Amino acid sequence: MDVEMSSGAAGAVPKLEHPPGAREARRRWVLLVASLVALPLLAFFVLGRESASTVWEIASAKLTGMDDDAAGNATSGRADELLGGLLAPGMDRRSCRSRYETWRYYKHFPYAPSPHLLRKLRAYEARHRRCAPGTPLYARSVERLRSGRSAAGEAEECRYVVWLPFDGLGNRMLSMVSGFLYALLTGRVLLVALPPDSADLFCEPFPGTTWLLPLEDLPVANLFGLGHNPEQSYTRLLHRKKIVVDDPASNATTAPVPAYVYLSLGYQLTDRIFFCGEHQLALGRVNWLLLYSDLYFVPSLYPIAGFEDELRRLFPARESASHLLLRYLLHPTNPVWGLVTRYYHAYLAPATRRIGVQVRMFGLASVPVDDMYNQILACSRQERILPEIDADADAAAGTGSKTSTAILIASLYPDYYERLRARYYEHAAAKGGGGAWVGVFQPTHEERQATESLAHNQRALAEVYLLSFSEALLTSGLSTFGYVSSSLAGVRPAILLTAFHHKVPATPCRRAVSMEPCNLTPPRGVKCRRGTAADDGGDAARHVRVCEDFRDGVKLFD
């Protein structure tokens, strides 16, 4: 662990959102409230009672979020440990301390969960308790699975999505929340198949039950080594007519239904037709879906017409999806939480402001360390993130200041920590009100990513949460580690642009338009029989855009 403290006056660092004057803010708030109140009335007369009810629910959720933001995102009192009702009360505190403690460390609470999301979560938790391993309904489903029989034509109460591990920690966390949202949308139950390298990372998320799949229950050989194109993948089953898509010319009642389907939704996107409405209808008849993905594919669920309205009610603010899902679903286990809290209180808590800098260099875009360091400084100046230095100031200039800035570095290598440490050790920070004392910290520098190691993954997860407790973030493009940290933090980071062809771009970084992660491999070029929501200029077309850091990816924004 590397630590260095130095003095100097920090430069001014603006908030991500620049609030206007109090009078102007009140005027805009009143106008927006009046508009949101009038909108449901208009919807009632134009669209009817049911649509008006939906519009009012969305408007109410937006007002709740506005009210929270107007209060300065402050939290107080015991009730806030439930994150506005997002978390269910009454779970064992000793077995998972982080679940009811993280709210004390987060600096931003930008979005309250919508009433519809809260109802769906409580209903999901009840369904999970009925269908989880150890229940009679689960035993019956497993018996059908082992026999190779499906429940086609029967009203099966319990249907499952089994999450399979793929790629590094950030990818896994994003595919987990994507799989959970898909289960929420389709009335399924999410179970996770965890290898030893992930066995002690996350707490049980659902009250009174388990999400862990007993591996012996799944009659699939080499479960963790099937790859992206196994025999039971959806596309291959279609080609062999082992499953039939609903078609007026076919007899759907006699169409074959396999006992399980493997969904290959990783970066190769073998089963990209998954994102068509007609294929969702076919998959709806399958009891067990095995999800193999390293992507945040939530933006690609929005264009599916059958999901569009429900997603709009769940997340009235589109950029809140990953933020709320991550805070609900993933809670570090006690060993990981111990790493987080011990480090935070020893090195970060004394500061009045914390800034996270996450640096990841990919082999396809590697550049010399000095070039990357200069890109970080250029980005910081452009977006006013790190305190600037004053080369002419007295080294003791900030001695009497009561403010301070802690800079947390997350990187596999120590180079950027060492250079920033020297920067603030050798020079005082420039005056500007951001904090005279500047400390630079890096918990680990492990040289290589070792996803197969539980200890490595625990330390990596600890750094994700330490970054998420920052007031501001500077992250690396294409990095799922940075995406997760930003979404958990509830901030729009400055994203370093990737040095494709080993050349640092002229524009060092861009401020994210939303805290949503990028779906790096969206299903482009898929021809769907049923039109998608995006085809007719629907909600998805207005709220999905190209990512700041990757022109082939897409993300949600408001």
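If you're wondering where the values come from, they're calculated on a predicted model, not measured in any experiment. Numbers here simply count residues along the sequence, with the first being 1.
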Start with the C-alpha gap between Ser300 and Asn519, add the side-chain angles, then the distance that decides, and say whether side chain to side chain donor-acceptor pair (under 3.5 Å) holds. CA-CA 8 Å; Ser300 299; Asn519 179 3; 2.8 Å; yes

- Message: Is it true that Glu231 and Tyr262 share a donor-acceptor pair across their side chains at a distance under 3.5 Å?
- Response: no

NZ/NE/NH1/NH2 to OD/OE distance under 4.0 Å, Glu81 and Arg99
no

Value for CG (Leu213) from CG (Leu164), rounded to nearest 0.5 Å, stands at 9.0 Å

Rounded to the nearest 0.5 Å, the OH atom of Tyr328 sits from the NE2 atom of His323 at a distance of 15.5 Å

Tightest non-hydrogen contact, residues Arg188 and Trp288, listed as NH1-N, 4.3 Å

His331 side chain to Ser98 main-chain N or O, any donor-acceptor pair under 3.5 Å?
no

Practice item. Verify the ring-centre separation between Phe307 and Tyr302: is it less than 6.0 angstrom? Key: no

Is a side-chain donor or acceptor of Ser114 paired with a backbone partner of Leu314 at a separation under 3.5 angstrom?
-> yes

The reported gap from OH in Tyr292 to CG in Leu226 (rounded to nearest 0.5 angstrom) is 8.5 Å

- Using only heavy-atom distances, determine whether the side chains of Tyr138 and Glu143 contain a donor-acceptor pair under 3.5 Å. no

Margin query: If you define the side chain from C-beta out and look only at heavy atoms, does anything of Arg119 sit under 4.5 Å from Arg313?
Written below: yes

Quick one: does Thr102's side chain get under 4.5 Å of Arg327's, heavy atoms only?
no

*asked:* With heavy-atom distances below 4.5 Å as the criterion, would you say the side chains of Asp217 and Arg146 are in contact?
replied: yes

Minimal heavy-atom distance between Val491 and Ser470, with the atoms involved, is CG1-O, 4.5 Å

> Is there a donor-acceptor contact under 3.5 Å from the side chain of Arg159 to the main chain of Leu289?
Replying inline: no

Practice task
Please confirm whether the backbone N or O of Asp200 pairs with a side-chain atom of Thr333, one donor and one acceptor, at under 3.5 Å?
Solution key: yes

Any side-chain heavy atom of Pro335 within less than 4.5 Å of one from Gln458? yes

- request: Would you verify whether the NZ or CZ of Arg93 falls within 45 degrees of the ring axis of Tyr100 while also being under 6.0 Å from that six-membered ring's centre?
  value: yes

Please evaluate residues Leu212 and Glu204 with respect to the criterion side-chain contact (heavy atoms from CB on, under 4.5 Å), reporting the C-alpha separation (whole Å), side-chain torsions for both, the decisive distance (0.1 Å), and the verdict. CA-CA 8 Å; Leu212 298 175; Glu204 293 279 3; 3.6 Å; yes

Nearest heavy-atom contact between Ala450 and Asn457 is O-OD1, 4.1 Å

Interatomic distance, CE@Met91 vs CD@Glu125, rounded to 0.5 Å, equals 8.0 Å

- Message: Any side-chain to backbone donor/acceptor pair from Ser479 onto Gly482? Under 3.5 Å, distance only.
- Response: yes

Notebook entry, point to check: So, do Phe206 and Tyr124 have ring centers that fall under 6.0 Å from each other?
Noted result: yes

* Is a side-chain N or O of Lys107 found less than 3.5 angstrom from the main chain of Tyr105, in a donor-acceptor match? -> yes

Task: salt bridge (charged side-chain N to carboxylate O under 4.0 Å, His left out) between Lys120 and Glu310, intermediate numbers included - done: CA-CA 10 Å; Lys120 292 288 285 191; Glu310 182 69 5; 3.4 Å; yes

Value for CG (Leu269) from OG1 (Thr521), rounded to nearest 0.5 Å, stands at 6.5 Å

Worksheet entry | Derivation and outcome, side-chain contact (heavy atoms from CB on, under 4.5 Å), residues Leu184 and Leu190 | CA-CA 9 Å; Leu184 209 62; Leu190 176 71; over 6 Å; no

- Message: Under the criterion side-chain contact (heavy atoms from CB on, under 4.5 Å), I'd like the reasoning laid out for Val336 against Arg459: C-alpha separation, chi angles, the key distance, then a yes or no.
- Response: CA-CA 7 Å; Val336 178; Arg459 290 189 291 270; over 6 Å; no

So, the side chain of Asn334 versus the backbone of Arg94: is there a donor-acceptor pair under 3.5 Å, distance only?
yes

Given the options Lys242, His279, His239, Arg272, Tyr234 meets side-chain hydrogen bond (donor to acceptor under 3.5 Å, both in side chains) only with His279

May I ask you to check whether over 12 heavy atoms, not counting those of Arg130, lie within 6.0 Å of atom CZ? yes

With sequence neighbours left out, the residues meeting salt bridge (Lys or Arg N to Asp or Glu O under 4.0 Å) with Arg524 are none

Heavy-atom closest pair (Leu291 atom, Ser175 atom, distance to 0.1 Å) is CD2-O, 4.2 Å

With side-chain contact (heavy atoms from CB on, under 4.5 Å) as the criterion, how do Asp294 and Leu265 come out once you've worked through the C-alpha distance, each side chain's angles and the decisive distance to 0.1 Å?
CA-CA 7 Å; Asp294 60 348; Leu265 301 180; over 6 Å; no

Looking only at heavy atoms, the pair that brings Pro517 and Tyr483 closest together is CB-CB, 3.7 Å

Heavy-atom donor-acceptor pair, Thr235 side chain to Thr270 backbone, under 3.5 Å: yes

Legend entry - OH (Tyr267) with more than 12 external heavy atoms under 6.0 Å: no

Tightest non-hydrogen contact, residues Leu191 and Pro133, listed as CD2-CD, 3.8 Å

Practice item. Evaluate the side-chain proximity of Tyr465 to Leu488: yes if any heavy-atom separation is below 4.5 Å, no if none is. Key: yes

Across all chains, not counting sequence neighbours, the salt bridge (Lys or Arg N to Asp or Glu O under 4.0 Å) partners of Arg172 are Asp197

Aromatic plane relationship, Phe274 with Phe297 - under 30° parallel, 30 to 60° tilted, over 60° perpendicular: perpendicular

Between Ser487 and the options Ser514, Ser320, Ser322, the side chain to side chain contact (heavy atoms under 4.5 Å, CB included) test singles out Ser322

| message | Please check: side-chain N/O of Arg511 versus main-chain N/O of Arg492, any donor-acceptor pairing under 3.5 Å? | response | yes

Separation between OG (Ser264) and CG (Leu290), nearest 0.5 Å, reads 11.5 Å

Sorted by chain and number, sequence neighbours left out, salt bridge (Lys or Arg N to Asp or Glu O under 4.0 Å) with Asp167 holds for none

Review point. Would you say Gln358's side chain and Ser476's backbone share a donor-acceptor pair under 3.5 angstrom?
Key: yes

Self-check item: Steps toward side chain to side chain donor-acceptor pair (under 3.5 Å) verdict (Thr480, Asn171)
Solution: CA-CA 6 Å; Thr480 55; Asn171 299 82; 3.1 Å; yes

| Are the side chains of Cys528 and Glu278 in touch, meaning some heavy atoms are under 4.5 Å apart? | yes

Is the shortest heavy-atom distance from the side chain of Val189 to the side chain of Val161 under 4.5 Å? no

field: Note, Leu201 side chain near Leu454 side chain (heavy atom, < 4.5 Å)
entry: yes

